[in-house]
Amino acid sequence: MSRWKGLPAELDPSTRNLVVRLRRLKDHSGLSLRQLAARTGYSTSSWERYLGGRSLPPREAVESLASVTGEDPTRLLAVWEVAAEAWSGRTATAPAAPVAGALRAGAPAGEQDQGQAPEPAAETGRAGSIGLVDPVGPACAGAEPARGRAFHVAVAAGVVAVALTASAVVVLAGRVGAEDVRGTAAPPASSAAPATVSPPPDLPAYTCRVERIDGLWYAGQSTTRDAILANGYAGPEVAEAQCLLSRAGYSPGDIDGIFGPVTERAVKRLQAEADLVVDGIVGPHTWGALRG
């Protein structure tokens with residue numbers, strides 16, 4: 001199983017959940033990044049960004065990964081849809097400084113990936129929405145030429161935003177005029193309603209149902225006794241470990257099925273008390289301490 005680098009701290013929870021699931025599929029398949037690139041048609045550097053949390057993979061890339069690993073794409077694409085909404089909200093409010101990275105997309109072919117299949121252009125994930133593209137900036141300086149379209153998409157989005165703002169001002173002015181005719185005091189210009197911010201998408205909920213069976217503790221999420229879990233992993237096995245850590249008096253934070261820094265610290269405290277190797281990784285010996 002690969003030892004992945006930690007994901008960026010600012011990554012949205014829904015995007016983090018998607019990346020962790022993609023990492024697990026890649027690990028379970030036993031494919032290297034080069035083999036994955038050859039089978040999916042997306043370059044090695046693209047998969048490095050997708051699995052590193054630096055770019056949102058296109059819907060087709062997620063479908064291709066599910067296909068080559070034998071995974072049912074339905075649930076995976078549902079997770080992608082939630083992550084795509086969160087990602088589009090993040091890129092819509094990104095500063096304009098990374099425009100320099102967009103110019104970098106026109107770098108000579110010699111600076112791009114050698115021998116890799118070209119990455120398909122991003123398409124729209126929902127009817128009527130702008131196609132999702134990876135953010136352009138210093139971290140993506142070596143991206144494929146197709147990424148240059150991100151700059152044009154950003155400009156188009158800015159134009160649409162200006163047009164919508166102008167329409168809102170016209171409507172507000174019409175309302176003020178109508179109220180003046182009726183003798184009603186007009187509201188001050190600064191009283192325009194603030195923009196509505198959508199709440200973050202819900203993460204999977206886990207309920208601890210701790211019980212002792214044949215001398216071992218179980219929490220109703222998984223019966224595994226040898227799964228390897230580390231920072232950056234997610235799923236019911238992580239929720240099982242979090243429930244059992246909480247039962248033993250080592251708070252892992254929220255029981256959300258995501259192995260983060262708080263859960264890692266709780267694992268290390270348990271390992272220290274149980275005279276195990278203190279590495280923050282849940283393996284067979286740590287499962288023994290949790291279930292015993």
Side-chain angles (χ1 to χ4, degrees), residues 2 4 7-8 11-92 94 101-102 104-106 109 112-137 139-154 156-157 201 234-235:
S2 303
W4 297 98
L7 294 172
L11 200 62
D12 182 89
S14 56
T15 307
R16 180 183 296 271
N17 186 29
L18 172 66
V19 173
V20 169
R21 290 174 181 271
L22 296 181
R23 284 182 172 185
R24 294 180 66 189
L25 284 179
K26 187 267 182 189
D27 285 343
H28 291 165
S29 71
L31 298 174
S32 67
L33 285 178
R34 186 177 296 275
Q35 292 170 330
L36 188 61
R39 295 194 182 189
T40 61
Y42 290 79
S43 67
T44 302
S45 60
S46 294
W47 280 115
E48 288 176 348
R49 291 194 304 275
Y50 301 156
L51 299 176
R54 292 182 286 123
S55 295
L56 180 73
R59 181 187 182 95
E60 291 77 6
V62 175
E63 290 178 322
S64 296
L65 178 59
S67 176
V68 300
T69 57
E71 177 74 8
D72 181 4
T74 304
R75 181 175 178 84
L76 192 60
L77 289 176
V79 175
W80 178 88
E81 289 284 350
V82 176
E85 290 186 1
W87 190 276
S88 62
R90 188 185 82 167
T91 55
R104 185 73 176 87
Q112 300 170 10
D113 294 335
Q114 298 297 323
Q116 298 298 337
E119 178 175 347
E123 296 182 3
T124 54
R126 293 174 180 268
S129 63
I130 297 176
L132 294 172
V133 295
D134 295 334
V136 179
C140 303
E144 292 81 353
R147 297 302 169 85
R149 286 194 294 273
F151 174 72
H152 300 291
V153 173

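Just so you know, these numbers use all the heavy atoms, side chains as well, and skip hydrogens, waters and symmetry mates.
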Looking at Pro57, is its backbone amide N or carbonyl O close enough to the side chain of Arg49 to form a donor-acceptor pair, meaning the two atoms are under 3.5 Å apart? no
Counting distance only, does the side-chain N/O of Arg23 pair as donor-acceptor with the main-chain N or O of Leu51 below 3.5 Å? yes
Roughly how far, to the nearest 0.5 Å, is CZ of Arg39 from OG of Ser67?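 Going from OG on Ser67 over to CZ on Arg39, the span is 10.5 Å.
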So, taking the atom named OG1 in Thr15 and the one named CD in Glu85, what distance separates them when rounded to the nearest 0.5 Å?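 Between atom OG1 of Thr15 and atom CD of Glu85 there are 11.0 Å.
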Return the set of residues passing side chain to side chain contact (heavy atoms under 4.5 Å, CB included) with Gln35 (not counting sequence neighbours), or none when no residue passes.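 In terms of side chain to side chain contact (heavy atoms under 4.5 Å, CB included), with neighbours along the sequence ignored, Gln35 is linked to Leu31, Ser32.
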The criterion is side chain to side chain contact (heavy atoms under 4.5 Å, CB included); which residues satisfy it with Thr69, sequence neighbours excluded?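 Only Leu25, Ser29, Leu65, Glu71 meet the side chain to side chain contact (heavy atoms under 4.5 Å, CB included) criterion with Thr69.
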4.5 Å side-chain heavy-atom contact, [X] and [Y]:
{"X": "Leu76", "Y": "Leu22", "answer": "yes"}
{"X": "Trp80", "Y": "Glu63", "answer": "no"}
{"X": "Lys26", "Y": "Leu33", "answer": "yes"}
{"X": "Tyr42", "Y": "Pro58", "answer": "yes"}

For [X] and [Y], which heavy atoms make the closest approach, and how far apart are they?
{"X": "Ala83", "Y": "Leu56", "result": "CB-CD1, 4.3 Å"}
{"X": "Val20", "Y": "Ala234", "result": "CG1-N, 2.9 Å"}
{"X": "Gly53", "Y": "Leu11", "result": "O-CD1, 3.5 Å"}

Apply the test side chain to side chain contact (heavy atoms under 4.5 Å, CB included) to residues Val62 and Tyr50: give CA-CA distance (whole Å), side-chain angles for both, the deciding distance (0.1 Å), then the verdict. CA-CA 10 Å; Val62 175; Tyr50 301 156; over 6 Å; no
Any carboxylate oxygen within less than 4.0 angstrom of a Lys/Arg side-chain nitrogen, looking at Arg54 and Glu48? no
